[in-house]
Amino acid sequence: MKNALFLLLGLWLVSCDSGVEIERLAPKDLVAVSSFISPQDSIVRVYVYQGKALGDIASLEKALIKDAKVSISDGSVTQNLLFDEKTRSYAISNQLLKVTASKQYALQVSTATGTVLKATCQVPPNPAEVQIDGVKDGNDFIFSYAWPPLEKTAYFTYDFDLTDVLFRPRLGATSGPSFSVIVIAQNNLFDNSDRPSKTIERKVINAFLAEKVSIRTVFNSIDKNTYQFLKTKTDANNWNSNASGFIPILREPQPVFSNVTGGVGVFGGYNQRISTFEIL
Amino acid sequence: MRDYFLWLLFSPFLVFGQRVTLSGYVQEKGNQENLVGVSVALLGNTNGTTTNNYGYYSLNVPVNQTITVRFSALGYAAEEKTFTLTQSVRQDVLLVATAQELQEVRVSEQKESLQAPQMSVVRLSAQQIKQIPALLGEKDVIKAIQLLPGVQKGTEGSTALYVRGGGPDQNLILLDEAQVYNANHLFGFFSVFNGDAIKNVDFWKGGFPARYGGRLSSVIDLQMKEGGKDRLRGEGGIGLLSSRLTLDGPIEKGKSSFLLSGRRTYIDLLTMPLMPKGEKMGYSFYDLNAKLNFDLGPKDKLYVSGYFGNDAFRIRERVERSTSTINYNSGLGWGNATGTVRWNHLFNQKLFLNTTFSVSDFRFKLFDDFERIRTDGGANTSTYTEFTSSIRDYTFKTDFDYFPSNAHQIKFGALLTNHRFKPRAFIEENRVSAAEASDNQTFNNQEFALYAEDTYQHNRFSLNAGLRFNGLRTPTRTYFFAEPRLTISHLLPKNWALKASYARNNQFVHLLTNTGTGLSTDLWVPATERVPPQQADQIAVGITKNFPKAGLNLTIESYRKWMRGIVAYQEGATFLSFNDGAKPLRWEDNVTTGRGWSYGTEVLLQKSKGRLTGWLGYTLSWTIHQFDALNNGKRFYPRYDRRHDFSAVASYKLSPKITLSANWVYATGNALTVPQGFYFVPGGLSRNFIERVDYLGSRNSFRAEAYHRLDLAAQFHKKKRWGERTWEVGLYNAYSRQNPLYYYLRTERTSEGDRTFLAKKALFPVIPSVTYNFKF
């Protein structure tokens with residue numbers, strides 16, 4: 001009988017180590033660092049904020065950390081960033097940092113309370129120019145994008161607008177060119193697996209009623225850190241809007257991606273290319 | 001040693017000289033219901049047997065000797081019969097139901113129950129379940145099971161079961177051998193099982209015999225009453241929420257019987273007058289159990305049974321405006337239907353056959369119909385959206401019971417099930433533009449199994465050893481698995497018994513659940529090539545001791561379970577995630593697979609004799625999950641990891657007319673992922689705005705408040721000329737504990753800026769109930 005009891009006791013004792021590590025930082029130990037760097041920036045900025053507890057006032061000013069030591073290194077040269085009161089961020093001219101395509105950078109932030117945060121990122125290669133294929137359809141212009149080659153651009157986001165518009169209202173042509181959506185993605189974030197199904201087709205209404213009109217496309221090739229951060233942040237916002245005192249949350253929680261060790265936030269790289277396509 | 005094993009192997013087939021067979025059915029006196037698990041013991045001999053699931057027994061006895069056989073079961077007066085047999089005889093036995101406090105339990109019977117090669121199993125009778133206080137007086141089988149050690153409940157009020165660290169999908173729920181997929185009424189607050197129609201419940205949480213398969217964590221085997229063959233009986237109740245009525249009786253006296261049991265809520269009827277003009281909102285559920293039972297001859301019996309239940313929630317609204325009229329019609333509904341035909345056949349006194357054909361159907365529908373008719377000449381709007389999910393199973397099963405000797409009881413059989421899943425059928429229709437989008441995936445899988453098990457007894461040692469071959473054929477892949485099962489028991493001095501078990505199980509269906517509340521938005525999906533079957537190995541060791549004088553039984557069990565291929569939603573996913581941008585999402589894109597471990601120790605002290613009956617249960621347990629795609633691949637505690645779980649259930653017969661009952665439960669709070677702080681980051685590449693982001697910590701790093709609750713009830717019985725009536729008054733959550741259902745963020749605007757708090761949503765304060773029950 002004793003042996004049986006000892007066996008049960010032994011099983012109970014070996015059960016105690018679960019191997020689970022719980023991360024639950026107190027607000028005083030929670031520091032957020034964020035920066036996106038690109039060769040096209042004139043000033044590189046890093047934002048450093050103290051985490052706050054639930055119930056605290058959501059005030060940017062109260063969360064700002066102004067006395068941190070912030071540096072970015074490309075492996076050979078380390079540049080210190082200084083706090084800029086105007087933009088409420090740590091900044092350095094890109095003429096000094098010289099952010100370059102396909103190069104890796106390391107960010108380090110040390111706060112006065114002794115917290116050290118580190119992150120690395122790689123700036124994507126220079127993207128190829130975005131091509132536009134379009135046809136005239138009455139007064140309208142229907143077009144689609146041909147995205148740059150896969151090997152150069154794994155993740156990207158883009159934006160576009162009409163530029164160089166020259167239009168004079170007249171009888172029978174009171175409205176000038178504008179965009180009309182035929183098929184639109186719910187967000188502008190793409191990874192390679194999205195490409196086959198995320199074909200974007202758009203229409204510029206009344207394009208041929210103008211004397212002159214162009215489409216300006218701002219294409220950002222982004223690294224994986226930036227992609228994951230932006231995507232999870234969007235999903236997390238959806239989760240929050242799903243939570244209420246009326247019904248339980250019917251969505252899995254979505255933590256926002258972080259590649260910062262010692263804290264939270266993101267250090268990402270992107271490479272921008274702006275192209276203009278003249279319709280007329 | 002080798003000779004011993006050879007003897008063990010071949011002993012079932014040895015021909016014993018000078019022995020004949022005594023066999024038959026054990027039934028309840030009066031209604032002639034077959035009694036399951038009755039101990040049939042040859043006095044003066046260590047070997048005996050028990051009746052099978054249809055009340056049949058077979059015992060080898062010496063020829064030309066006077067023998068006494070004792071038939072005994074909890075809740076019935078034991079019956080001893082003396083025979084001097086010269087040839088094999090069929091002898092049916094009738095047992096008289098008796099009150100537990102009057103029952104005499106012999107030491108020898110205590111030993112038989114101790115020695116049985118079963119562990120991690122509890123049998124609950126309908127009578128026990130009816131004595132447990134319940135929410136709004138609605139007696140519930142599943143709620144009773146939640147009070148047992150090793151079983152964690154979900155959130156407040158839910159009927160979801162988390163057994164030894166397993167998920168709510170890992171419980172095989174059988175109603176007369178037909179699978180029930182979603183056993184919930186009223187968004188999970190009540191189970192679909194009407195206690196008046198249930199005869200027995202066997203609940204297995206480990207050490208599964210080979211005859212059970214297809215789920216990892218537990219088996220809940222419910223047997224419906226057969227219906228009395230002697231006279232018409234009735235039973236029913238009128239409660240605050242619903243009323244129920246059960247009728248049973250003979251079709252042809254002594255040969256065939258029927259049972260019909262129905263229940264319906266009247267929430268919709270009660271709330272209808274309170275609705276504003278132009279608005280109709282209502283909720284209703286019903287269920288119906290029916291059973292027919294025919295004796296076709298001395299060797300054949302036929303049972304036909306069915307369950308039909310449905311829940312419906314509907315909102316209809318008509319809004320008249322100066323420029324338009326809006327018609328809004330939206331609804332949510334789900335229901336189960338099962339049907340079983342079983343044929344029992346006796347080939348001879350030693351070989352019993354049961355053949356089952358069953359159909360199980362579960363369907364869920366959510367729809368939204370919106371119409372705006374403009375009276376100002378503007379464009380009308382008319383849209384219809386519908387989401388449905390369904391499963392239909394056809395099962396053919398054959399089970400043999402072979403009684404070669406008193407030392408061996410062999411079961412073997414086969415099963416074939418066709419599963420048809422339609423996990424997510426979706427229609428989106430714009431009636432004005434005639435645009436339509438739809439998605440409808442159908443999966444047809446075939447599950448098959450062969451099994452054999454032997455229950456062997458030799459002096460103080462007994463075992464149940466079995467092997468189950470399981471398989472699944474999907475359109476793209478076929479899976480085969482071998483599942484060994486073993487339970488051993490060794491009787492020790494002073495009424496102690498040492499038990500151990502091992503079982504491997506595979507599961508061919510998954511449940512995708514966001515909330516774990518048992519909401520019908522939980523989706524059943526099949527195992528596929530991308531999301532393969534789940535598998536678990538479980539070992540358990542335990543000791544058990546009987547205290548015959550006090551009528552107490554103490555069981556302590558420790559278990560360890562390894563789970564592979566368990567399924568969870570991806571971070572941020574929901575059951576209505578149909579696309580990611582323009583990219584369509586199949587349900588397989590929304591899920592991820594991983595592994596899990598659970599271990600713990602359970603203590604159960606039961607008192608089944610005397611005026612005070614009930615149990616104390618305590619579980620100390622850990623459950624751990626690990627998924628590559630969740631929590632950065634690190635281990636975490638799943639939502640229902642519970643360190644401590646305690647329950648006390650008591651029923652006291654104050655007098656023949658008054659029964660008092662109470663239960664108190666305590667459980668560690670759920671492990672949840674909720675915002676624990678916040679920080680600021682740029683909103684995007686343009687850095688034009690700074691955005692607030694919630695800090696969640698690692699997955700499920702927040703512990704909800706502990707759950708505890710006291711329920712009280714008193715039953716007042718009175719014999720009437722026509723039968724018996726019982727008034728029951730109850731208090732659910734007697735001290736009005738605000739147990740958390742879920743947490744959410746509540747924002748308050750102040751002059752300094754916004755403040756956000758984590759708020760707790762509690763559901764039930766103290767809830768009184770009054771129920772009138774009757775039977776005749």
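The chains referred to below are lettered A, B, ... by the order of the sequence lines, with proteins before strands, and numbering in each begins at 1. The structure presented is a predicted model; accordingly, all values stated were derived computationally and were not measured.
Within the 4.5 Å cutoff, the side chain of Leu685(B) has heavy atoms near those of the Thr226(A) side chain. Counting heavy atoms from C-beta outward, Glu23(A) and Phe636(B) have side chains that stay 4.5 Å or more apart. Taking 4.5 Å as the limit, every side-chain heavy atom of Glu571(B) sits out of range of all side-chain heavy atoms of Pro253(A). You'll find the side chain of Lys62(A) reaches within 4.5 Å of the side chain of Glu752(B), heavy atoms only. Within the 4.5 Å cutoff, no side-chain heavy atoms of Tyr679(B) are placed close to those of Lys52(A). Taking 4.5 Å as the limit, some side-chain heavy atom of Val681(B) sits within range of a side-chain heavy atom of Lys233(A).
Gln676(B) contributes atom CD, which lies 9.5 Å from atom CG of Leu25(A) (distance to the nearest 0.5 angstrom). Separation of atoms OG (Ser59(A)) and CZ (Arg755(B)) is listed at 11.0 Å; rounding is to 0.5 Å. Ile22(A) CD1 to Asn631(B) CG: the interatomic distance, rounded to the nearest 0.5 Å, is 9.5 Å.
Chosen from Asp56(A), Thr87(A), Val33(A), Val31(A), the residue pairing most often with chain B at heavy-atom distances under 4.5 Å is Asp56(A).
More than 12 heavy-atom neighbours from other residues, nucleotides or ligands sit within 6.0 angstrom of CG on Asp84(A). Other residues, nucleotides and ligands contribute more than 12 heavy atoms inside 6.0 Å of the NZ atom of Lys760(B).
Here Leu60(A) pairs with Tyr49(A), Phe680(B), Ile690(B) under the side chain to side chain contact (heavy atoms under 4.5 Å, CB included) rule; sequence neighbours left out.
Under a 4.0 Å N-O distance rule, the pair Glu21(A)/Arg635(B) does not qualify as a salt bridge. A salt bridge links Glu252(A) and Arg699(B); the closest N-O separation between the charged side-chain nitrogens and carboxylate oxygens is under 4.0 Å.
Proximity to chain A is limited to the side chain of Glu691(B), based on heavy atoms less than 4.5 angstrom apart. For Phe678(B), the parts lying under 4.5 angstrom from a heavy atom of chain A are both the backbone and the side chain.
When atom types are taken as modelled, the side chain of Arg24(A) and the backbone of Gly697(B) share no donor-acceptor pair closer than 3.5 angstrom.
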